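Please see the structure below; I have some questions.
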Amino acid sequence: MDKRDVTVGTGSELIDTLKDIVGAANVLTEPVGQAPFLGDWLGKYRGEAAAVVRPGTTQEVADVMAACAAARVPVVPQGGNTSMSGGATPDASGRAVVLSLQRMNRIRALDPIGQTIAVDAGVVLAKVQEAAEEAGFFFPLSLGAEGSCTIGGNLAANAGGVAVLRYGVMRELTLGVEAVLPDGRIWNGMKALRKDNTGYALRDLFIGSEGTLGIITGAVLKLFPRPTARATAFAAVVDATSALRLLGVIRVHCGDRLTAFEFLTGETLAMIQRQIADVRIPFAQLPPAGVLIELSDIDDEMALSKRLERALGTAMEEALVADAVIAQDRAQANAMWRLRESVSQALVREGKAIKHDISVPVAEIADFVAAADLAVAAALPGIRPMVFGHLGDGNLHYNLMRPLAMNDAEFVAQSAVLTRIVHDETCRRHGSISAEHGIGQLRVDEMTVCKAPLELELMRALKQLLDPDGLMNPGKLLPA
Ligand code: FAD
Ligand code: MLT
Ligand code: ZN
């Protein structure tokens with residue numbers, strides 16, 4: 001597929017050209033139509049756009065990119081707009097075109113023998129999960145935004161979620177990628193090969209690039225055997241240290257049947273219960289902390305549940321677990337997951353949070369929590385850490401809420417100091433300041449602190465090669 005020869009000026013000429021390419025109904029220039037595309041899910045960022053364009057095919061994406069390149073107009077790719085780092089929100093200049101992949105939502109093919117599924121980038125994650133399920137397979141990426149995030153956004157942000165422990169991040173679930181370069185050329189990398197050793201891994205350049213190197217328009221994803229048995233439990237623990245030791249016990253008893261291991265402090269559990277009406281912690285007393293554990297297998301459900309019960313029994317004998325509830329049916333298991341997945345919404349209702357998405361080597365996660373708790377409390381007495389996340393991946397969402405005696409504005413003014421403390425504790429342990437949410441615009445200034453000069457030099461060289469005019473998602477991921 002070649003890119004259409006497009007020579008345009010800026011402004012209304014470009015808008016007319018875009019309407020020729022995608023149809024007038026798919027070029028939004030009015031504030032009302034544009035509004036849902038200009039703010040982020042957290043309500044932290046708001047931008048302006050010359051237009052929101054909604055192409056329906058890869059060729060239309062290519063033609064839109066060629067037109068914007070010819071007009072030197074920046075492009076902000078957007079999928080489900082659920083980014084937690086402001087990655088899909090345009091700046092306030094009003095110069096950019098937001099390119100929404102929403103209309104590119106076809107499932108292109110499913111191969112039951114090769115166990116792969118080929119999709120458009122705009123397909124919502126939940127739809128891919130359903131298509132896999134209907135065909136008797138399982139697509140394991142799972143996160144709280146799965147009802148609206150898209151495969152293209154999952155790839156561009158290299159999404160993680162609650163099943164990384166067993167299945168890996170989006171990069172590990174992907175075999176092929178189709179992408180449109182900033183100049184409108186189409187790279188068809190839609191291969192379903194499990195092995196292909198012919199040069200640099202171009203696919204992996206686009207995964208995690210956060211829309212700064214081109215537009216992902218399609219992908220070939222791995223499918224997995226659909227689990228026929230699940231065993232789910234909530235265990236009450238004292239702290240991250242006992243949770244980490246519990247992880248070890250579960251691993252000894254359950255091996256790679258362990259699919260999820262989600263940690264939440266007692267304060268976080270209490271906050272969720274306070275803010276979300278229909279969720280309940282599964283204990284009579286609020287524990288100091290809790291762990292949601294899920295096993296899955298293509299085995300007998302009773303046998304799996306017994307295995308989990310034995311593991312928890314051992315943990316109790318070792319005084320790692322004070323109490324545990326094993327879900328007796330899917331409804332109870334779903335209620336436990338509802339509690340976990342409500343945390344993001346609960347936090348928004350609780351008030352302004354200074355959010356962190358850190359990862360450290362798994363063995364250091366408990367030390368990190370203890371050290372960070374001490375350091376932030378010394379810096380701001382009365383501060384309220386709300387800590388939860390994917391402990392088994394070494395990834396916690398270490399969020400901070402204001403001291404009750406402080407108002408939001410005073411608290412937010414402390415963001416830079418508090419984030420520096422949290423990230424110093426992270427980097428000291430050779431960790432990452434963004435485990436899964438990406439850099440976006442939220443963390444772009446920290447890249448100079450947390451990445452080695454050579455790493456930044458190599459990333460800038462790649463950016464210069466693919467996007468020499470700097471039109472792709474300006475202000476995101478790479479510092480100017
Ligand atoms: P968008 O938000 O639209 O875009 C994300 C980034 O990708 C932006 O930089 C955008 O420019 C770029 N982009 C989007 N589509 C394309 C494309 N086709 N080509 C090139 N660039 C593109 N994330 C996790 O990793 N783990 C979690 O557990 C998790 N839980 C969440 C829970 C909630 C309630 C919410 C609101 C978010 C959560 N997220 C989580 C963050 C977010 O859902 C993920 O990053 C998701 O992958 C973003 O997908 P999206 O389609 O919404 O992308
Ligand atoms: C999660 O794990 O729930 C997500 O990453 C969202 C969040 O951190 O709020
Ligand atoms: Zn997460």
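Since the structure is predicted, the reported quantities are computational estimates derived from the model, not experimental observations. Each ligand, and each atom within it, is numbered from 1 in the order the structure gives.
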| task | Would you name the N/O/S atom of H390 that lies closest to the Zn ion (ligand 3)? | result |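 Distance check against the Zn ion (ligand 3) picks out NE2 in H390.
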| field | Contact check: E436 to the Zn ion (ligand 3), N/O/S below 2.8 Å | value |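 Checking the Zn ion (ligand 3) against E436, an N, O or S atom does fall under 2.8 Å.
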| query | Which option, E341, E262, H397, R340, owns the non-hydrogen atom nearest atom 3 (O) of ligand 2? | reply |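 Among E341, E262, H397, R340, the closest heavy atom to atom 3 (O) of ligand 2 belongs to R340.
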| Which of the atoms of ligand 2 are close to K355, meaning less than 4.0 Å from one of its heavy atoms? |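 Contacts of ligand 2 toward K355, numbered from 1: 9 (O).
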| To which protein heavy atom is atom 6 (C) of ligand 2 closest, and what is the distance rounded to 0.1 Å? |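 Checking every protein heavy atom, the shortest distance to atom 6 (C) of ligand 2 gives S344 OG, 3.3 Å.
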| query | Judging by distance only, is a nitrogen or oxygen of P77 under 3.5 angstrom from one on ligand 1? | reply |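 Among all N and O atoms of P77, at least one is under 3.5 Å from an N or O of ligand 1.
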| task | Please state whether K476 comes within less than 4.0 angstrom of ligand 1, counting heavy atoms only. | result |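 The answer is no: ligand 1 sits nowhere under 4.0 Å from a heavy atom of K476.
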| request: For residues Y167 and F224, establish whether the separation of their ring centroids is below 6.0 Å. | output: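 Yes, close enough.
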| Which residue from S142, G152, C149 reaches closest to atom 49 (O) of ligand 1 through any of its heavy atoms? |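 Of the listed residues, C149 has the closest heavy atom.
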| said: Is it the case that the side chains of T265 and T268 hold a donor-acceptor pair, with the cut-off being a distance below 3.5 Å and no angle test? | reply: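 Judged by distance alone, the side chains do pair up.
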| query | Does atom 42 (C) of ligand 1 have any protein heavy atom closer than 4.0 Å? | reply |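 Under 4.0 Å from atom 42 (C) of ligand 1, at least one protein heavy atom found.
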| field | Distance, nearest 0.5 Å, that separates CD of Q102 from CG of D120 | value |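 One gets 13.5 Å once the value is rounded to the nearest 0.5 Å.
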| request: Using a strict 4.0 Å cut-off to heavy atoms of L101, name the atoms of ligand 1 that fall inside it. | output: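 Numbered from 1, ligand 1 contributes 18 (N).
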| said: Less than 4.0 angstrom from a charged side-chain N to a carboxylate O is my criterion; do E294 and R257 meet it? | reply: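 Looking at E294 and R257, the cut-off is not met.
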| said: Closer than 4.0 Å to some heavy atom of E436 - which atoms of ligand 2 meet that? | reply: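 Per the distance check, 2 (O), 5 (O).
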| task | List every atom of ligand 2 that sits less than 4.0 Å from any heavy atom of H390, numbering the atoms from 1 in the order shown and giving each element. | result |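 Near H390, the atoms of ligand 2 are 2 (O).
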| said: So, 4.0 Å and heavy atoms of G161: is ligand 1 close enough to count as a contact? | reply: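 For ligand 1, residue contact (heavy atoms, under 4.0 Å) with G161 is present.
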| request: Enumerate the atoms of ligand 1 whose separation from the nearest heavy atom of A157 is less than 4.0 angstrom. | output: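 That gives atoms 45 (O) of ligand 1.
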| N473: heavy atom below 4.0 Å from ligand 1, yes or no? |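 Under 4.0 Å: yes for N473.
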| said: Check E267 with R384, please: is the shortest side-chain N to carboxylate O separation under 4.0 Å? | reply: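 The answer is no: the pair does not qualify as a salt bridge.
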| message | Between H356 and H423 (judged by ring centroids, cut-off 6.0 Å), do the two rings come close enough to count as a pair? | response |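 For H356 and H423, the ring centres are under 6.0 Å apart.
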| Judged by non-hydrogen atoms, does G214 sit under 4.0 Å from ligand 1? |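 In this structure, G214 qualifies as a contact of ligand 1 - some heavy atom is under 4.0 Å.
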| Is any side-chain N of the basic residue among R95 and E48 closer than 4.0 Å to the acidic one's carboxylate O? |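 Salt bridge between R95 and E48, a charged N being under 4.0 Å from a carboxylate O: no.
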| query | Strictly by modelled atom types, are W337 and E262 linked by a side-chain donor-acceptor pair under 3.5 Å? | reply |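 Judged by distance alone, the side chains do not pair up.
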| said: Suppose I only count heavy atoms of L143 and a 4.0 Å limit; which atoms of ligand 1 are within that range? | reply: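 So the atoms of ligand 1 that pass are 27 (C), 28 (O), 29 (C), 30 (N), 40 (C), 43 (O).
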